[in-house]
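Worksheet for the structure shown next.
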Amino acid sequence: MPNQPKTPASRFRIDAELWQAFGEAVPDDTDRSDVLRRFVSYYCRRPGSKLPERPPAGPWSTPAE
């Protein structure tokens, strides 16, 4: 079947405001999915995986009140 993804879609719940802030914090040359995949690989101690670099502080880093 053409254009069939190699991996299944995974879902989880997250606060909408936090998800928006995460999207703003992710570098322009990647996306949230890539950052999450790299983090999960690191968290599971996969060989060669590294903790994704955090962005510099920005408006998304201010805690919501």
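Everything quoted here is computed from the prediction, not taken from an experiment. Along the sequence shown, residues carry numbers from 1.
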Requested in this report: Assess whether side chain to side chain contact (heavy atoms under 4.5 Å, CB included) is satisfied between S49 and R45, documenting all intermediate values.
Outcome: CA-CA 7 Å; S49 62; R45 300 177 184 269; over 6 Å; no
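- Hydrophobic clustering places V26 together with I14 (ILVMFWY residues linked when any side-chain heavy atoms are closer than 4.5 Å, directly or through intermediates).
- R32 CZ: more than 12 foreign heavy atoms inside a 6.0 Å radius.
- Using a 4.5 Å heavy-atom threshold, the side chains of L36 and F22 count as touching.
- Contact check for T30 versus R38: side-chain heavy atoms found under the 4.5 Å cut-off.
- If you chain together hydrophobic residues whose side chains sit under 4.5 Å apart, L18 and F12 fall into the same group.
- Not one N or O on the side chain of S41 forms a donor-acceptor pair closer than 3.5 Å with the backbone of R46.
- One hydrophobic cluster, built from ILVMFWY side chains closer than 4.5 Å, holds both W19 and V35.
- Counting heavy atoms from C-beta outward, D34 and F39 have side chains that stay 4.5 Å or more apart.
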